[in-house]
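Owing to the predicted nature of the structure, the values given are computational and were not obtained by experimental measurement.
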Amino acid sequence: MNKTTAFLLLFSSFIGFSQTQKDSIKTTKLDEVIISNKVPTNLTLLPNQVKVITEKQIDFQNFQSTAEVLSNSGSLFVQKSQQGGGSPVIRGFEASRVLLLVDGVRMNNLIFRAGHLQNVITVDESMLDNVGIFYGPTSTLFGSDALGGTVAMTTKKAKFLNEAKNKFSGNVNTRYSSANEEKSIAFNINYAAENFASLTSLSFNDFGDLKMGKRKNHNGDFFGERPFYVATINGVDQLLVNDDKYVQKNSAYKQYNFLQKFAYKAESGFEHGLNLQFSTTTDIPRYDRLTETNSSTGLTHAEWYYGPQQRILGVYSVARQKAILDSDLKVNIAFQNAKESRHNRRFGNYVLQNREESVNMYSVSVDLKKKFLKGELFYGFESYYEKLNSSAYSNNINTGVRSAINTRYPNGDNTMFRNDLYVSYDEKISEKTLWNVGARVGYTTLKSTIDDDTFFPLPFSNISQGNFTYSGTLGIIHNTSENFAIKANLSSGFRVPNIDDLAKIFESVQGIIIVPNENIKPEKTLTADFGIVIQSNSKKIKFENTYFYTRLYDAIVTDEFIYNGQTVIDYDETSSQVFANQNKGKAFITGLSTSFTAEILSNLNFSANFNYNLGRVVENGEQSPLDHISPYFGKIGFMYSKSWLNLEAYLLYNGKKPSKDYSTSGEDNQQYAPIGGMPAWETYNFKSGFEVYKGATLFAGIENILDTQYRVFASGINAPGRNFYGGLKYAF
């Protein structure tokens, strides 16, 4: 690291930063981005912390997936167990404690786990209009699971003739990346008439085996090379030498995505919409499991992969201004289907275990907003009904013989039914002060039956829960002057236990088995935020800092458990220690997120950020590390923008995660880290985009310029090494 960069990193760590770059590339303002019907159009009026990644930023950055878009923003942390994945972490909350929305519809379902999730990649980045990141408990706005925050993904809209340049418009975007020999193409076409519009989007991604960095990280030793891999030749597992130990053999996959939108304006004033989405992949190897070693065979697993990760979404919407009680109305009626599966067998064992899950989700949401008194009122209703089918079987890969095995979830009827009412009100009480208040109440039921417990006898045959839920928020923004403002927000959140929490049987890591516990209850949080904003009169220099403290009550923690009087049981031919999800008293998370932006010249901007979290479980007066708490991280960069040219040079960095700060639950994946914990790291990156002729833009860049070898905390695969990428986008 040179002296200049070292100084910038030290400076950013001292004063703190949180914005990745200018909130858009030159021409797009934050208040022009609409990401939810439940919040003001101008997001700067919200007292809580919000970050928006715009379409122009996504296009320019040219990342390979939505997970990469999030992780390279410097605004949140993303964990990876394999190349085909990415699990967002907001303020120390991950997976089922972070709410994912696509076009206002919940992606979280009754099998979202507390560990690491890969669902965000099923929303292709080339189809996104924007991504909104809401920090802290947002259950009042969006419902259960929004403990750490909400990632609201909005796809491109079908544009009418008054919004589009031509009757037919669209673009073709191609990209090649060297680190994994990625070959991607995306195609969009919009048909526009006065009262009718259609948008069709298709994309394809081919990701080869991912190549890690070759250069030693100066913060640690060489780590994560792939010297051997398993191949099955003529029906026999063999341990083979990898020709290039820096290529992470068996990490490749492909993905296919489709989006179709129709919009129609009726003479009555109603606007009707139909939103159809489909995403699927090839098999995705679970890379971390494929690298687990065994003293007798070299590697533990011959096969471990996720089957095609499929997502289907269909939404019918109707909207009208001043429709009911002088309120603007939007109704969404949606259907989703999510399919996932796990397939694994150990080295030398030719019986492949297959566990398949299929979730159907039906939902209705009614959102209304109106001018009320001196402010704006948002209110509405949401209902989600979810149904799970869990099945399993084994098959001998040589003989084809099939047998029944135990399912991951109960093999009977599994349903979850959520019904919520919410209200939120924003009012500007003076020229300098704005306040916000909101509340949500609801009732959620969960029912699960076990038809057959032959493989793992259980002390119960059904589970039934009913939980009354509630949350609230109160916030204020006060501008003491043109140069200084303070923000304060107090909000609560909740997460209702789902099937994954209560009833799964799961081998978290080899030697640890998680068993059902029907006695857990909802998690609840209370968070206080305090923020300051300092800016120059010209607004060319801006400093923001947000401190938060979250208290987590009835935290669901995976810990040691006594099951039928036993602490150790045999599972899948392995003697395993018993763990279970439990409400383990209280926990807290505190931290800060700070940012600094400055317009150095008319076309040159500097931005930097710093994020830090600390989390602990508190039990019987003793504190222990909470899982999913990332080390400090951030981004420092310069952005040069003109009408035909964009250039960006930036540094991404992460601090060290020492062993003493790893959770004992196993969720932090310490077994995939070097001895002593995950070392700190930083990467240097350069990106460019320039218009070569009208409508055609050429993108090119280098990521991880120094080819540093590193791995992100809690991840099971090394990050890409030096990556040259190039792409051409043609808009018509």
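- Between atom CZ of residue F187 and atom OG of residue S201 there is a gap of 9.0 Å, rounded to the nearest 0.5 Å.
- Listed by first and then second residue, the side chain to side chain donor-acceptor pair (under 3.5 Å) pairs involving residues 303-312 are T122-R311, Q277-R311, R286-Y306, E303-R345 (not counting sequence neighbours).
- When each of K38, R418, R106 is checked for a salt bridge (Lys or Arg N to Asp or Glu O under 4.0 Å) with E382, only K38 meets the rule.
- The salt bridge (Lys or Arg N to Asp or Glu O under 4.0 Å) search around E356 returns none, not counting sequence neighbours.
- Between the S71 side chain and the A67 main chain, a donor and an acceptor come within less than 3.5 Å of each other.
- Between the side chains of Y264 and N195, no donor N or O sits under 3.5 Å from an acceptor N or O.
- The pair E267-K265 fails the salt-bridge criterion, with no side-chain N (NZ, NE, NH1 or NH2) lying under 4.0 Å from an Asp/Glu carboxylate O.
- The aromatic rings of Y385 and F417 sit perpendicular to each other, their planes meeting at more than 60°, with 30° as the lower class boundary.
- A salt bridge is defined here as a Lys NZ or Arg NE, NH1 or NH2 lying under 4.0 Å from an Asp or Glu carboxylate O, and D501 with R495 meets this definition.
- Note: F204 and Y256 have tilted aromatic rings, judged against thresholds of 30 and 60 degrees for the angle between ring planes.
- Note that the CG atom of N360 and the CG atom of N337 stand 5.0 Å from one another [nearest 0.5 Å].
- Here the rule is side-chain contact (heavy atoms from CB on, under 4.5 Å) with Q82, and of Q118, Q248, H116 only Q118 fits it.
- Remark: E68 engages K80 in a salt bridge, criterion side-chain N to carboxylate O under 4.0 Å.
- With contacts defined as side-chain heavy-atom distances shorter than 4.5 Å, the pair V318/I333 does not qualify.
- Screening residues 690-702 for side chain to side chain donor-acceptor pair (under 3.5 Å) gives no qualifying pairs among residues at least two apart or on separate chains.
- Salt bridge absent: K156 and E125 never bring a charged side-chain N and a carboxylate O closer than 4.0 Å.
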Assess whether salt bridge (Lys or Arg N to Asp or Glu O under 4.0 Å) is satisfied between K729 and D59, documenting all intermediate values.
-> CA-CA 9 Å; K729 180 177 181 179; D59 283 350; 2.7 Å; yes

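- The ring of F134 has its center closer than 6.0 angstrom to the ring center of F142.
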Would you check, one step at a time, whether the test side-chain contact (heavy atoms from CB on, under 4.5 Å) holds for D103 with V315?
-> CA-CA 9 Å; D103 292 333; V315 185; 5.8 Å; no

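- With respect to the salt-bridge test (charged N to carboxylate O, under 4.0 angstrom), the residues R320 and E271 do not qualify.
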